[in-house]
Amino acid sequence: MTFENLLVTGGCGFIGSNFIRFLLDREDFTGRIVNFDKLTYAGNPDNLAGVAERYHGRYVFEHGDVCDAGRLEDLFGRYGIDGVCHFAAESHVDRSIRRPESFIHTNILGTFQLLERAKARGSAFRLFHHVSTDEVYGSLGATGLFTEEMPYRPNSPYSASKAASDHLVRAYSETFGLPATISNCSNNYGPYQFPEKLIPLMVLNGLEGKALPVYGDGRNVRDWLYVEDHCEAIWLIMRKGRRGETYNIGGNAEMENIAIVRLICALLDELAPVEGGESRERLITYVADRPGHDRRYAIDFSKLAGELGWRPRQSFAEGLRRTVAWYLANQPWIEGIRTGAYRSWIEEHYGKEA
Ligand code: NAD
Ligand code: TYD
């Protein structure tokens, strides 16, 4: 299965932009990508710098909100959309604790509006792929893994809103026969991740000599997946996954937060040593824990491995080294965020509301 006009939502974000680059480079995708993005604080046009020029005619950007039914109706008709890969979301747990409302709008209502438009395309529509998170399953104790059969027990407004969107996608598949697949993935890392998430925040703070804030005792565990491995898994599921099914995606890389922060310090000390040779570990600062902080995530991805033969390619050690090296080599991208220049560009082109 392939697509002629694939709508990618949230394509200016971290994973969406990696996915667009990944897909446009593949020989088994010859269609066009329509990237639909609201350009919130997390949407950065610099993430796709040069793509429109390089893939002329195969990549289009459309600015807008997935909650806007009229805008979606226009897009689906005008481009003859035959597939959706849905990334657009409010994605940061800490923000969802402070201000949950936009999470409910974008993640739940936005997914509903997209499903309605996809359904209205009838037999011209091939697949709705919904990109979701392992956080819908809640928190694990010291042992065990999330499987696709586990009940949903989301603990944060973010994961609750993603859980609701997963249920909607499943319901449209069951009730209306909409061809749909869902993937629930562990924590991603890699190039172009906005520096509010653990890994890029620690890299940038470490480079600037700022405190490295570790929540609680630092012993919460996440499973980490290099973003390119995630892109590969999504594309495989879109092409070959069974319709109506959910697939877990994981990196086989469980790590305590404090161990990651120490690894980042060591990499920065090696690749960008401070004068005098002091280690960045001195910047580690334990801070108040996140409310409702899930203790451990770990993924059983044997369904995806068994049915479609997917495995993560990148080891965590190598992936983290590549990631730190990427941030070091892409200072202009960092400066765009640090100075807010990427926002000025968006406001100039799309107005203050963007
Ligand atoms: P991100 O925050 O980097 O990017 C989100 C993108 O969506 C941005 O470009 C933003 O402008 C856009 N957007 C937000 N609201 C929108 C709206 N109303 N209409 C249109 N566009 C809108 O997120 P990410 O880390 O790239 O995550 C992408 C998807 O993957 C999300 O659905 C997230 O839940 C899921 N996911 C993320 C991770 C992770 O570790 N980052 C892990 C598993 C699943
Ligand atoms: P995060 O990157 O926000 O992803 P998620 O909450 O979706 O897993 O956080 C990853 C882990 O790192 C999580 O256990 C919270 C912790 N964390 C810190 O200790 N300090 C920080 O500054 C941040 C952003 C996260």
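Keep in mind it's a predicted model, so treat the numbers as computed, not measured. One-based numbering, in listed order, for ligands and for the atoms of each.
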Worked check of salt bridge (Lys or Arg N to Asp or Glu O under 4.0 Å) between Arg32 and Asp82: CA-CA 11 Å; Arg32 172 168 61 171; Asp82 57 1; over 6 Å; no

Side chain to side chain donor-acceptor pair (under 3.5 Å) evaluation trace for Asp300 with Thr147: CA-CA 5 Å; Asp300 176 345; Thr147 69; 6.0 Å; no

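Applying the salt bridge (Lys or Arg N to Asp or Glu O under 4.0 Å) rule to pairs touching residues 141-151 yields nothing, sequence neighbours excluded.
Counting heavy atoms closer than 4.0 Å to ligand 2, residue Leu198 contributes atoms from both its backbone and its side chain. Contacts between Leu201 and ligand 2 below 4.0 angstrom, taking non-hydrogen atoms only, involve the side chain exclusively. Residue-level proximity to ligand 2 for Val287 is absent, since no heavy atom of it falls below 4.0 angstrom.
The option from Arg296, Arg290, Glu256, Glu135 that lies nearest to atom 6 (O) of ligand 2, judged by heavy atoms, is Arg290.
Protein heavy atom at the shortest distance from atom 13 (C) of ligand 2 is His293 NE2, 3.4 Å. Atom 4 (O) of ligand 2 has as its closest protein heavy atom Asn187 ND2, 3.3 Å.
Ring planes of Tyr192 and Trp333: perpendicular class, angle over 60° (limits at 30 and 60°).
Looking at Tyr297 next to ligand 2, no N or O pair under 3.5 Å apart turns up.
Salt bridge Arg242/Glu307: present, at least one basic N to carboxylate O contact under 4.0 Å.
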So what's ligand 1 close to, N/O to N/O, under 3.5 Å?
unit_1, atom_1, unit_2, atom_2, d
ligand 1, 2 (O), Ser91, OG, 2.7
ligand 1, 3 (O), Phe14, N, 3.0
ligand 1, 9 (O), Gly13, N, 2.9
ligand 1, 9 (O), Asp37, OD1, 3.3
ligand 1, 9 (O), Asp37, OD2, 2.6
ligand 1, 11 (O), Asp37, OD1, 2.6
ligand 1, 11 (O), Leu39, N, 3.4
ligand 1, 11 (O), Thr40, N, 3.0
ligand 1, 11 (O), Thr40, OG1, 3.2
ligand 1, 18 (N), Asp65, OD1, 2.9
ligand 1, 18 (N), Thr106, OG1, 3.0
ligand 1, 19 (N), Val66, N, 3.0
ligand 1, 21 (N), Lys38, N, 3.1
ligand 1, 23 (O), Ser91, OG, 3.3
ligand 1, 26 (O), Phe14, N, 3.3
ligand 1, 26 (O), Ile15, N, 2.7
ligand 1, 32 (O), Phe87, O, 2.9
ligand 1, 32 (O), Lys162, NZ, 2.6
ligand 1, 34 (O), Tyr158, OH, 2.7
ligand 1, 34 (O), Lys162, NZ, 3.1
ligand 1, 40 (O), Asn188, N, 2.9

